[in-house]
Amino acid sequence: MIIIGMFIGSGFVSGKEIAVFFSRFGNFSYIFIPLAFILFFAGIFWILSHGERAEEKFNSSKSLIFISILVNLIFTSSMMAGTIMSLKTKHIALTIMLILALLFLCYRVIKKGMGYLTKVNTILIPILIIALIICLLKNANGGHVIESKNAVYAGFFALLYILMNLSSSCLVIGKLGSDMSKKSRIYVSLFSSLILTVLLLGINYTLLSNENSLDLTFPLLEMSEGYVFYLMKFVLFIGCLTSVLSIVFVNSKALLSLGLKGFINYLVCVCLPLVISMFGFGNIVSYLYPLASILGGLILVSLYFVPCKKLQYASKK
């Protein structure tokens, strides 16, 4: 549930992320969804298997820490923007109270750590998945109306999407794998990848079957009507909340390794993204996410695929 929660954020459950990286290429997007499953599975399993070594390399490289903080600030900002949008009500006082509750939960996850994050995701993620599936079934139409185009770019953006998500969650996933057997890692990777791919396929189909959906800021929310609209608001809020907490946890650990503690840590992890979120959810996903995916890919490759020089030297001796 933690792994799935790391991937399912505001961009995912709103449909905007899927629109940018898959649906805008029309039916060509379906070709690369099975590829996404393979890359999800391979990436999650590899990270679960090499988490301890990667954490040592991460803590010893200030450049990787700085890049990670920048990438996570982009992700946290989008989640904050999505959360605030989903929290908006007619009553300003209620909206402010809900935002304060979000800030408090961020404080708690920084203070309490992985155990607190685990409890929250175990409860919320199954509820989110069921509610999202109901919304997709209600919003999906019969025909496809978006023209197929740019197959080459579709493959490139599908790869960027996987790199973006794996890079933002690799440190948390790596911690989870330290006490697992190889068999458990395979099952966890398979289950997580399967759930994510089924949801990705469902969202992609729903977007392609609704005209003008790709131009919307929150496609799945804005195409909903009646009780489905309010259910989607709930889904968007939960998706934002679980992702915000996970990324804030990761960023707080990175800042601690630089010696930033207490209020300064909270200021950078939570308050700064809240300010950046004013740039707008749609703008962050459309313009900053591709940048984050490239930087995140560099982190992922550096941590998990570049050989460690010290280990190589030791093996030669």
Side-chain angles (χ1 to χ4, degrees), residues 1-15 17 40 44 48 72 75-76 78-80 82-87 89 94-95 97-137 165 168-180 184-185 187-200 202-203 220-221 227-253 266 269-270 273:
M1 293 302 105
I2 289 178
I3 293 172
I4 293 171
M6 286 294 297
F7 288 96
I8 298 180
S10 56
F12 189 98
V13 296
S14 69
E17 195 173 279
F40 270 138
I44 292 170
L48 286 172
N72 286 328
F75 289 138
T76 311
S78 74
M79 303 305 165
M80 290 283 191
T83 306
I84 291 170
M85 287 293 294
S86 67
L87 288 176
T89 67
L94 178 59
T95 302
M97 287 177 62
L98 290 170
I99 293 172
L100 290 175
L102 170 65
L103 297 178
F104 174 74
L105 287 172
C106 289
Y107 168 78
R108 292 285 293 176
V109 86
I110 291 173
K111 199 78 174 173
K112 296 293 184 179
M114 182 68 81
Y116 188 79
L117 187 63
T118 303
K119 291 177 183 178
V120 171
N121 280 28
T122 302
I123 296 170
L124 295 181
I125 294 300
I127 297 172
L128 181 150
I129 291 171
I130 293 169
L132 178 58
I133 290 173
I134 293 172
C135 293
L136 293 178
L137 290 173
N165 280 281
S168 65
S169 58
C170 62
L171 293 176
V172 172
I173 296 174
K175 286 179 181 292
L176 297 173
S178 58
D179 297 324
M180 287 184 184
S184 296
R185 290 168 186 158
Y187 283 140
V188 168
S189 303
L190 183 62
F191 179 79
S192 304
S193 304
L194 186 62
I195 294 296
L196 289 168
T197 306
V198 168
L199 293 177
L200 194 160
I203 294 172
L220 294 179
L221 176 65
Y227 79 90
V228 181
F229 175 80
Y230 295 100
L231 188 60
M232 264 309 306
K233 283 181 74 74
F234 171 76
V235 168
L236 183 58
F237 171 65
I238 298 299
C240 293
L241 178 62
T242 54
S243 290
V244 164
L245 295 180
S246 298
I247 298 173
V248 163
F249 169 76
V250 172
N251 236 11
S252 68
K253 294 297 181 185
Y266 184 82
C269 284
V270 181

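The shown structure was predicted, so the numbers you read here are calculated from the model rather than taken from an experiment. Along the sequence shown, the residues carry numbers beginning at 1.
One N or O on the side chain of S193 and one on the backbone of S189 form a donor-acceptor pair closer than 3.5 Å.
For the side chain to side chain donor-acceptor pair (under 3.5 Å) test, residues two or more places apart in sequence or in another chain that qualify with N251 are N72. Taking the side-chain contact (heavy atoms from CB on, under 4.5 Å) definition, one finds that S252 meets it with I110, N265, C269, sequence neighbours left out. Among residues two or more places apart in sequence or in another chain, the ring pair (Phe, Tyr, Trp, His ring centres under 6.0 Å) test is passed with F40 by F7. Legend: residues meeting side chain to side chain donor-acceptor pair (under 3.5 Å) with S78, ordered by chain and number and at least two apart, are Y289.
For the residue pair M232 and V13, the shortest heavy atom distance occurs at CE-O, 3.3 Å. Residues R185 and M180 come closest through the heavy atom pair NH2-O, 3.2 Å.
With rounding to the nearest 0.5 angstrom, the CE atom of M80 is 10.5 Å from the SG atom of C240. Atom CG of residue L176 and atom CE of residue M6 lie 9.5 Å apart, to the nearest 0.5 angstrom. Here the CZ atom belonging to F104 is positioned 5.0 Å from the CZ atom belonging to R108, to the nearest 0.5 angstrom.
Shown are L220, I203, V235, L236; of these, the side-chain contact (heavy atoms from CB on, under 4.5 Å) with S14 is made only by L236.
Under the 4.5 Å side-chain criterion, counting only non-hydrogen atoms from C-beta, F191 is in contact with I4. With a 4.5 Å cut-off on side-chain heavy atoms, N165 and F12 do not count as touching.
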Show me the donor-acceptor pairs, under 3.5 Å and distance only, between side chains in residues 243-250 and residues at least two apart or in other chains.
unit_1, atom_1, unit_2, atom_2, d
S243, OG, G5, O, 3.2
S243, OG, I8, O, 3.0
S243, OG, G9, N, 3.4
S243, OG, G239, O, 3.3
S246, OG, T242, O, 3.0

Donor-acceptor list for residues 119-136 side chains, cut-off 3.5 Å, not counting sequence neighbours:
unit_1, atom_1, unit_2, atom_2, d
T122, OG1, T118, O, 2.7

Task: Verdict with reasoning, L103 to Y266, per side chain to side chain contact (heavy atoms under 4.5 Å, CB included) - done: CA-CA 10 Å; L103 297 178; Y266 184 82; 3.3 Å; yes
